[in-house]
Amino acid sequence: MESKRAKLAKKKAFLEGVHAVLTKSAYESAAHARRRAAVIAKAGGTCTMEPTDETNVVLCSETTTKAEAMERIKQGKDLGGKPPPEAAHWVTTAWLTECVKAKTFIPYDCFTVRSGAPAPVGESGSSAAETGSPSRQPLRHRSSSASSTSSQRSALQHINSNGDYFPASGSPSRTTSNDNNPARALDVGPMSSTLTVNDTHPRSSEQTALISTAGAATHATAAATEPSASASASASASASASQPSSATQSPAALVARSQRVVGTSPEEIELPPAWEAIYHCYNCGAKDHGARTCPLPPRGTPENTYVPGFPGARKRVSREWMCARSHGHRKDRQGAGPNDLIISNLEKLHDTYADYGTWLHQLKASNLHTALAFIRRMKEPITTYEQARRIPKVGNETAKKIDEILSTGTLQRLEAFDTPEKRAQHEFSQIYGVGTATAKQFVAKGFRTIQDLLDNQHELTERQRIGVRLHQELQERIPRTEVDRMVAHVKHVVLSIEPGCIFEACGSYRRGKKTCGDVDVLISHRDKRVLDTLFKRVIDALHDDGFLTHDLARSEGESTQYKYMGIGKLKDASFHRRVDIIVVPWEEWPCAILYFTGSGAFNRSMRLLARKMGWSLSQHTINYGVVRDRKEKDKKLGDGSVIPVKSEHDVFALLALKYRPPWERNA
DNA sequence: GGACAAACCTCG
DNA sequence: CGAGGT
DNA sequence: GTCC
Ligand SMILES: Cc1cn([C@H]2C[C@H](O)[C@@H](COP(=O)(O)OP(=O)(O)OP(=O)(O)O)O2)c(=O)[nH]c1=O
Ligand SMILES: [Mg+2]
């Protein structure tokens, strides 16, 4: 903790000086500024911003001096070689980061030139702007009563061929109804929690890449094409899933219902005043509602061309983005498919890629994964190299491999991997807490079986010891009925400790999967002060009643969010199960529930989209004006500014995405 | 030849 | 910081 | 590895 304070002191001291590594993206274009001014005016706010072509802010990091930065500009390395005007304000990333950490909203126009420190102002040009308020404006919570939002709805249960639970009826995706509405009270155990029923979900085939290539599909005669795009494509249409991916249509055949222990999350959260001041509908710009209840059609369509004023905002998003499409549950194929041999071999190849643990092989793996998604949807057998080449993401290398499988039945590459060492390495890497690197080390040490590890537990970290001991049990996926009971139990404990909590079981459970790898629980409370004790009391209570049996990791308040990772077991259950519990501050709820609902691939796609806009989406907030190092892509120089959101719908609207309910996020 | 490439977290 | 995790 |  001391080092942390020291760091903070250093940062504060630094703010006095001017140092910089420059990046170009820290200011908005004149076009953006003008559009933004118009939007704000339309929304009834006033805008103090002066549209300008000039750089009015220079974002800095701690590593170089202003002189060095100017030198870089002269050399053409930054800002396109154009020095910023004298009046430009130099801001350190530390300053910016601190403002964001302090939850002070910094809209772009606060950067208009001033002497002294720039004052963060509300976008609506409200009081904060005039007062030239101090740069750090603490976040205050509005203590209003809980919104209870459940409307009753008739229930019907249906399970698809895979056993996944689906929601039903024909309302559009961007529905205004709560995804969490309880429809039918259903006793799932001693705690009598309820199960709920949700909205429509027509299934579509899955697409696994973050960005997929849709165009090439038309050339692949047998390859499945993008479902919605292929509706009119003659021959290949039959190969694709017969369902449209758009959730606005509701084929009666696949209507089904999603059912789960109901959470207590509100449809929209209340924002702190400073955020409420700049909040507006990101689907139309109006001040009096959010995107969730916007009467207009989703933006990005011809009927609604609105674009939010934040620099980088998109007009629309192409269907190539995974998060822009509906991804229902993966369908179990009944009986044998025409390309099963190829698929099983390529799947094994895919697994060997994952065992490398390098970027390149990660890339190869994801490529192959996409190709496999197309191959799985094919109805005709692949018989030639040329035919394989026409499948999207199948290039020369993969086609050669398919050819080899066709002629020999196997792959040389795979045979070479079928050694005791590689098998052991793969098995070790399945253990919780053991990854590619440690698995390799274990093999190098001469270990070959799980028993070897059990006999040498002194070589393991605490997590790995638990992982090894419970390895068999943790391999099992959890039947949904058991998750129901686990969630009901946790919910009961949480709400008896603090009735004002909001609670939601997320992850694959919220997405309606038939079985879950673990239980993901998200909790929040309006009062920030209770979060810390709430977290501890919940974990303690769940330990005391014997539910939690092992701890794997628990946060100690370093972040605004508390995360517990551990293992629990119901008394009458056969196996120990992984349990994750996250406690988040109230205003981070929308981004947190979006994150925790996943899927992981869906999150990555959405986050990549945000990144491409010069924004950043995390489990905390969605930010614009993020400054990233142009060379080292992972280095973030400035956090940018928080865009306040009240619901998941708002995040979708900001990214120009149609809202996807949880069961359409199964990538 | 480059783009592709999530963004966080804890542990040791 | 690397490794492993969500 | 694939796509442009
Ligand atoms: C693993 C992983 C999860 N997440 C998010 C999305 C997930 O839904 C959420 C919970 O993680 P998980 O519990 O690992 O995933 P899951 O619940 O979707 O599936 P499973 O049935 O295996 O439990 O965390 C990421 O953002 N990135 C990741 O790499
Ligand atoms: Mg899960």
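In the text below, chain A, chain B and the rest are named by the order of the sequence lines, each starting its count at 1. Quick caveat: nothing in here was measured; it's all calculated off a predicted structure.
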- [ ] Would you indicate what Q362(A) reaches in the nucleic acid, counting non-hydrogen atoms under 4.0 angstrom: base, sugar-phosphate, or nothing?
- [x] nothing
Task: Proximal nucleotide (of dG4(C), dT6(C), dC4(B)) relative to the K612(A) side chain - done: dC4(B)
Task: Euclidean distance, atom CG of residue L552(A) to atom C1' of dG12(B) [Å, nearest integer] - done: 15 Å
TODO: For the side chain of W359(A), starting at C-beta, report the closest nucleotide among dC3(D), dT2(D), dA6(B).
DONE: dA6(B)
Task: Atom pair distance, as rounded to whole Å: NE2 in H550(A) and P in dC11(B) - done: 17 Å
Could you go over nucleotides 7-9 of chain B and give all protein N or O partners under 3.5 Å, atom names and distances?
| residue | atom | partner | partner atom | Å |
| --- | --- | --- | --- | --- |
| dA7(B) | OP1 | R611(A) | NE | 3.4 |
| dA7(B) | OP1 | R628(A) | NH2 | 3.1 |
| dA7(B) | OP2 | R611(A) | NE | 2.8 |
| dA7(B) | OP2 | R611(A) | NH2 | 2.8 |
| dA7(B) | O4' | R607(A) | NH1 | 2.9 |
| dA7(B) | N3 | R607(A) | NH1 | 3.2 |
| dC8(B) | OP1 | K636(A) | NZ | 2.9 |
| dC9(B) | OP1 | S559(A) | OG | 3.2 |
| dC9(B) | OP1 | H620(A) | NE2 | 3.3 |

TODO: Figure out the CD/P separation between Q441(A) and dG2(C), and round it to whole Å.
DONE: 14 Å
Open item on the list: Tell me the interatomic distance from L474(A), atom CG, to dG5(C), atom P, rounded to whole angstroms.
Closed with: 12 Å
Open item on the list: Rounded to whole Å, please give me the gap between CD1 in I431(A) and C1' in dA3(C).
Closed with: 15 Å
Open item on the list: By the 4.0 Å heavy-atom rule, please label D580(A) as base, sugar-phosphate, or nothing.
Closed with: sugar-phosphate
- [ ] Identify which nucleotide among dG4(C), dT2(D), dG5(C) has an atom closest to any side-chain atom of R578(A), counting heavy atoms from C-beta outward.
- [x] dG5(C)
- [ ] For the side chain of K393(A), starting at C-beta, report the closest nucleotide among dA3(C), dC3(D), dT6(C).
- [x] dC3(D)
Open item on the list: If you assign each of L363(A) and R554(A) to its closest nucleotide in DNA chain B, which residue comes earlier from the 5' end?
Closed with: L363(A)
- [ ] Classify the angle between the aromatic ring planes of H576(A) and H550(A) as parallel (below 30°), tilted (30 to 60°) or perpendicular (above 60°).
- [x] perpendicular
Open item on the list: Can you measure I466(A) atom CD1 to dG5(C) atom P for me and round it to whole angstrom units?
Closed with: 13 Å
Task: salt bridge (charged side-chain N to carboxylate O under 4.0 Å, His left out) involving R469(A) - partner list, sequence neighbours excluded - done: none
TODO: Answer with base, sugar-phosphate or nothing: what part of the nucleic acid does R413(A) contact at a heavy-atom distance below 4.0 Å?
DONE: sugar-phosphate
TODO: Measure from the side chain of T461(A), starting at C-beta and using heavy atoms only, and say which of dG5(C), dG4(C), dG12(B) lies closest.
DONE: dG12(B)
Task: Nucleotide nearest E397(A) (side chain, heavy atoms from C-beta), chosen from dA3(C), dA6(B), dT2(D) - done: dT2(D)
Open item on the list: What I want to find out is whether R510(A) reaches E648(A) closely enough, with some N-O distance under 4.0 Å, to be called a salt bridge.
Closed with: yes
Open item on the list: Nearest whole Å is fine: how far is dC4(D) C1' from E320(A) CD?
Closed with: 12 Å
Open item on the list: Between K364(A) and E397(A), does any NZ, NE, NH1 or NH2 come within less than 4.0 Å of an OD or OE carboxylate oxygen?
Closed with: no
TODO: Verify whether one side chain among R260(A) and Y509(A) offers a donor that lies under 3.5 Å from an acceptor in the other.
DONE: no
Open item on the list: Both L360(A) and E462(A) contact DNA chain B. Taking the nearest nucleotide for each, which residue is further toward the 5' end?
Closed with: L360(A)
Open item on the list: What is the distance, to the nearest angstrom, from the NZ atom on K440(A) to the P atom on dG4(C)?
Closed with: 10 Å
Open item on the list: Hydrogens and angles aside, do H543(A) and D551(A) bring a side-chain donor and acceptor to less than 3.5 Å of each other?
Closed with: yes
- [ ] Answer yes or no: is there an ion pair linking K422(A) with D418(A), defined by an N-O contact shorter than 4.0 Å?
- [x] no
Open item on the list: Would you compute the distance between atom CZ of F442(A) and atom CG of D452(A) and round it to the nearest 0.5 angstrom?
Closed with: 11.0 Å
TODO: Classify the nucleic acid contact of Y353(A) as base, sugar-phosphate or nothing, counting any heavy atom under 4.0 Å across all strands shown.
DONE: sugar-phosphate
- [ ] Report which part of the nucleic acid I622(A) touches: base, sugar-phosphate, or nothing (heavy-atom distance under 4.0 Å, all strands).
- [x] nothing
